[in-house]
Amino acid sequence: MNRETQLIANSMLSVRDQFPAIASWHYLDSAATAQKPQSVIDAITTAYARDYATVHRGVYERSVVMTDAYEDSRAAASKLIGGQANELIFTRGATEAINLVARTLPKKGRNRVLLSQLEHHSNIVPWQLAGYEIDAVPLTADGQIDLDAAERMLTEEHRVVAFAHVSNVLGSILDAKRAADIAHSKGALLLLDGCQAVPRLPVDVAAIGADFYAFSAHKLYGPTGIGCLWGRAELLESLPPWQGGGAMIDQVTFARTTFAEPPARFEAGTPHIVGAVGLHAAVNWVENLSLDAIHAHECALVAETRAALSSIPGVTLYGPEDSAGIVSFNVDGVHAHDTATILDDAGVAVRAGHHCAQPLMEWLGVPATARASFAAHSDSSDIEALVKGIEQVKRIFE
Ligand SMILES: Cc1ncc(COP(=O)(O)O)c(C=O)c1O
């Protein structure tokens, strides 16, 4: 155990205790959605119960205070990934963030997008709906996006390279800086789907050289219904609006409407005010623990899980050894749904299915996997329960 892992392990007891919804439950489905620490729940409750008012429109004091809270959240969420406040647009989630880019980015005569075999449907379907031709980069044998292949496949017809920073099924971590260099070598833009990365590792969009970065608050210990699109300021400046309504305009007449500067240009209508407050509390919470420490902790849990599961005959593990907080597996001859159902009886929650990544299932040659995914509150007791549950699966199906 390195020092960071040790530090977070020492503080684990109190971390776990901060999550009221997981008492006596082995929650291993944080990649689907994270449980909420008490500080986030309290921030949301207080925002509704004491501080609630609209934003950007009111002249009364409470609305001004709420507007400040909303904008402070924007600055904090952007800073978390190394960006500036004016570069972050609030969306409903990562899905909407990727749709926003796919729908508004001028194609400039380039009609192709380079994706990878492991993308979530949220990073496939928006490009199809926006009329792009898709090329999919294959994976290495251990489930990483093959960047050598990406380099060979990229052409000047590609407008965007859009990759998951961390795979939601395999936990594979992208060499994002190299992906940016490859994209830019042919004049393409790099969009990173950071849904699984932001809760699990430190992210710095400036150091990476990314052009767009998408993530969801609910996977970062925050509320559902709010997420973020970070984009380089001059790129956001160049994009047209995509949804019309209040808050995104400068002047409206029946003849002509002019639009607000980003980020307001992309936030039509009353936003998820309390969601932003909850997201800010979540950002504070992870920063307080430190994403370096969370990452080290989850890597240690992955190593422990892979060692334990690989010693059980008939268990197949997918993905690289050094995945970020996520382990996918199957028990030979057992459908992943049956595995997950038996684990549920044992008080262990895992996800089973295609994980919104059907092209990846095709690549793996299976209809589904079971997936254990960790969070800052996870510990060895979760892994012990998982192993016992899998032994039970094997007994039932023997
Ligand atoms: C890698 C990845 N991308 C995109 C998404 C979509 O996120 P949301 O449903 O919060 O918009 C998810 C959610 O599972 C994900 O794991």
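Keep in mind the model is a prediction, meaning the values are calculated, not measured. Indexing begins at 1, ligand by ligand and atom by atom, following the structure's order.
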S.K.: Heavy atoms only: give me the nearest Phe266-Leu236 pair and the separation to one decimal.
M.R.: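 Shortest heavy-atom separation between Phe266 and Leu236 comes out as CZ-O, 3.6 Å.
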S.K.: Check which hydrophobic residues are tied to Val252 through side-chain heavy-atom contacts below 4.5 Å, counting indirect links as well, and list them.
M.R.: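 Direct or chained contacts put Val252 with Met248, Ile249, Phe259.
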S.K.: When you check ligand 1 against the protein, what N or O pairs turn up below 3.5 Å? List the atom names and distances, or just say none.
M.R.:
{"residue": "ligand 1", "atom": "3 (N)", "partner": "Asp193", "partner atom": "OD1", "Å": "3.2"}
{"residue": "ligand 1", "atom": "3 (N)", "partner": "Asp193", "partner atom": "OD2", "Å": "2.5"}
{"residue": "ligand 1", "atom": "10 (O)", "partner": "Ser216", "partner atom": "OG", "Å": "2.7"}
{"residue": "ligand 1", "atom": "10 (O)", "partner": "His218", "partner atom": "NE2", "Å": "2.7"}
{"residue": "ligand 1", "atom": "11 (O)", "partner": "Ala94", "partner atom": "N", "Å": "3.4"}
{"residue": "ligand 1", "atom": "11 (O)", "partner": "Thr95", "partner atom": "N", "Å": "2.9"}
{"residue": "ligand 1", "atom": "11 (O)", "partner": "Thr95", "partner atom": "OG1", "Å": "2.5"}
{"residue": "ligand 1", "atom": "14 (O)", "partner": "His120", "partner atom": "NE2", "Å": "3.2"}
{"residue": "ligand 1", "atom": "14 (O)", "partner": "Lys219", "partner atom": "NZ", "Å": "2.5"}
{"residue": "ligand 1", "atom": "16 (O)", "partner": "Gln196", "partner atom": "NE2", "Å": "2.7"}

S.K.: Determine the interplanar angle of the Tyr27 and His377 rings, folded into 0 to 90°, and report it as parallel if under 30°, tilted if 30 to 60°, perpendicular if over 60°.
M.R.: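 Correct class here is tilted.
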S.K.: Determine whether the aromatic ring centres of residues Phe90 and Tyr70 are separated by less than 6.0 angstrom.
M.R.: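 Aromatic pair counts; centres sit under 6.0 Å.
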S.K.: Which Ile, Leu, Val, Met, Phe, Trp or Tyr residues join Val315 in one cluster when any pair of side-chain heavy atoms under 4.5 Å counts as a link?
M.R.: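 Reading the cluster by chain and number, Val315 sits alongside Leu28, Leu301, Val302, Leu309, Ile312, Leu317, Val327, Phe329, Val331, Val334, Ile342, Leu343, Val348, Val350, Phe374, Ile383, Leu386, Val387, Ile390, Val393, Ile396, Phe397.
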S.K.: Applying side chain to side chain donor-acceptor pair (under 3.5 Å), name anything that partners His280, two or more places apart in sequence or on another chain.
M.R.: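 So His280 forms no side chain to side chain donor-acceptor pair (under 3.5 Å) with any residue.
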